[in-house]
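Input: a single structure, listed below in structure tokens.
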Number of protein chains: 2
Amino acid sequence: MQLTRERIVTAAIGLIEREGAEAVSMRRVATELGCGVMSLYNHVPSKSALLDFVAERVMSAIEFSPVPGASLADEVRAQARAFRAITRSYPRCTMVAVSRPTTSVTGMLPMEHALATLRAAGFSGVEAVHIVRAFVAYIVGSLLREMGVSPGLAPDGSAHRPALDPAEFPQVTALAGELLRKDPDADFEFGLELLTRAIEALRPARVS
Amino acid sequence: MQLTRERIVTAAIGLIEREGAEAVSMRRVATELGCGVMSLYNHVPSKSALLDFVAERVMSAIEFSPVPGASLADEVRAQARAFRAITRSYPRCTMVAVSRPTTSVTGMLPMEHALATLRAAGFSGVEAVHIVRAFVAYIVGSLLREMGVSPGLAPDGSAHRPALDPAEFPQVTALAGELLRKDPDADFEFGLELLTRAIEALRPARVS
DNA sequence: ACCTGAACACCGTTCAAGT
DNA sequence: ACCTGAACACCGTTCAAGT
């Protein structure tokens, strides 16, 4: 089969999902595709660029289903969840996507959508940009915590949890159960609700 | 001079700050210290562990100056800013710190502090944990956006900004100036204010 | 135009040998 | 106990040669 950028990116994504971001090498991708390493360079300028294309593909997988009569809060929540949903399709690729600046056209579509929603709700352009940035920061930070792993290098599985001193860390030890409990959905929804209510309170009175 | 873990971590931090995270290699660190590569392994089990120690050092550099009579909002803001301030001292190390889970004792100190503040303000343990997580997600996401670079691999400087179609991207093109303006402080403060107000509104009526 | 092997300058880590 | 050189199995990318 013909070697194309599409196929190369697909192979890279598969590799990342199966073995993690640190497993990706040009040589691995090449053998995956049954070609020589250098053949890749006819379709992709560098490894860094390849990962950019991976990021682009992941980001363009964000799906909006704009509900017609939705309130501002509902629309904001829906878009934030759609963003986070890519984690479901590409759990490990999400990290590489999120940690490199997207310059692609399709990567700008969520931004366009979000700005339109906020402007329609009465926010100024400057406010809209600020709000989107705050939400993106929160979502990206949530994804990073949820995946819990560096995109580049996996942390050692060394479970040398050093036993905290209850006198020095009264709160942490008291809430250890809660702190160790993993419920990414609940965590995400909690912060999302905080931000959503905050922008509702910020919304100009003059509803269009 | 004696080779110690301290010196190795310091050398790694210096290397990261000077040349970026992707420049760190055991061999580079060794030559930096004027010793053989393998000597490092007497004090550090692996490269991954070395980066964990880097993260620990960076995180433990967070400085709190607990203002006595401060309001909840002021305390929360102060702690969030203190977290973000490590970016000033370790601009590039921050990214490696933030993208690997901290299991160290000193890394738990900010958490302890934040939980204490929130509990003193009347929040339950479960609420406090949720709130801290939301703030951490926001702060980490902000840092990631601010540094704009993957911890592992630098993005290509290829400025192939592909010229958006104004018909397809009316908001983005209209707000291009605002979107390209870089003011990380203002961005951070905006979102911080959103979250702070949100938890103020959430606070239980019964003030202790 | 597309493919490719050899080669270069790198990696992290194991192992056996030194002191 | 600490250091270390050689070696192994990898990297990304250049270059010159093929078709």
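Quick note: numbers below take in every heavy atom, side chains included, and nothing from hydrogens, waters or symmetry partners. Letters go in sequence order (proteins before strands), and every chain restarts at 1.
Nearer to the 5' terminus of DNA chain C, by closest-nucleotide assignment, is the contact made by A:L3 (compared with the other of B:R27 and A:L3).
In this structure, the side chains of A:V132 and A:M111 come closer than 4.5 Å at one or more pairs of heavy atoms. A heavy-atom distance below 4.5 Å is not found between the side chains of B:Q79 and B:P110. The side-chain heavy atoms of A:F83 and A:M59, taken from C-beta on, include a pair separated by under 4.5 Å.
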* Give the dot-bracket string for DNA chain C, reading 5' to 3', where a pair is Watson-Crick or G-U wobble with both distances under 3.5 Å, ( ) marks pairs inside the strand, [ ] marks pairs crossing earlier ones, | marks a partner on another strand, and . marks unpaired. => ||.|||||...|||||.||
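Of the residues in residues 12-19 of chain B, none has a non-hydrogen atom less than 4.0 angstrom from any atom of DNA chain C. Across residues 29-44 of chain B, B:V37, B:M38, B:Y41 each have a non-hydrogen atom less than 4.0 Å from an atom of DNA chain C (numbered order).
Residues that satisfy the side chain to side chain contact (heavy atoms under 4.5 Å, CB included) test with B:S25, not counting sequence neighbours, are B:R27, B:R28. Residues satisfying the side chain to side chain contact (heavy atoms under 4.5 Å, CB included) criterion with A:P184, sequence neighbours excluded, are A:R84, A:E146. Residues forming a side chain to side chain contact (heavy atoms under 4.5 Å, CB included) with A:A174 (at least two apart in sequence, or on another chain): none. Residues forming a salt bridge (Lys or Arg N to Asp or Glu O under 4.0 Å) with B:E32 (at least two apart in sequence, or on another chain): B:R18.
Applying the side chain to side chain donor-acceptor pair (under 3.5 Å) test to residues at least two apart or on different chains, the pairs with a partner in residues 3-16 of chain B are B:T10-B:R57. Pairs of residues two or more places apart, or lying in two chains, never qualify as salt bridge (charged side-chain N to carboxylate O under 4.0 Å, His left out) while including a residue from residues 167-177 of chain A. Among pairs with a residue in residues 130-139 of chain A, those fulfilling salt bridge (charged side-chain N to carboxylate O under 4.0 Å, His left out) read A:R133-B:D187, at least two apart in sequence or across chains.
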With a cut-off of 3.5 Å and sequence neighbours excluded, list every side-chain donor-acceptor pair involving residues 33-41 of chain A.
unit_1 : atom_1 : unit_2 : atom_2 : d
A:S39  : OG     : A:G36  : O      : 3.3

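The CG atom of A:L164 lies 9.5 Å from the CG atom of B:L109; values are rounded to the nearest 0.5 Å.
Protein chain B touches strand DNA chain C; the 5'-most and 3'-most nucleotides with an atom under 4.0 angstrom of its non-hydrogen atoms are C:dC11 to C:dC15.
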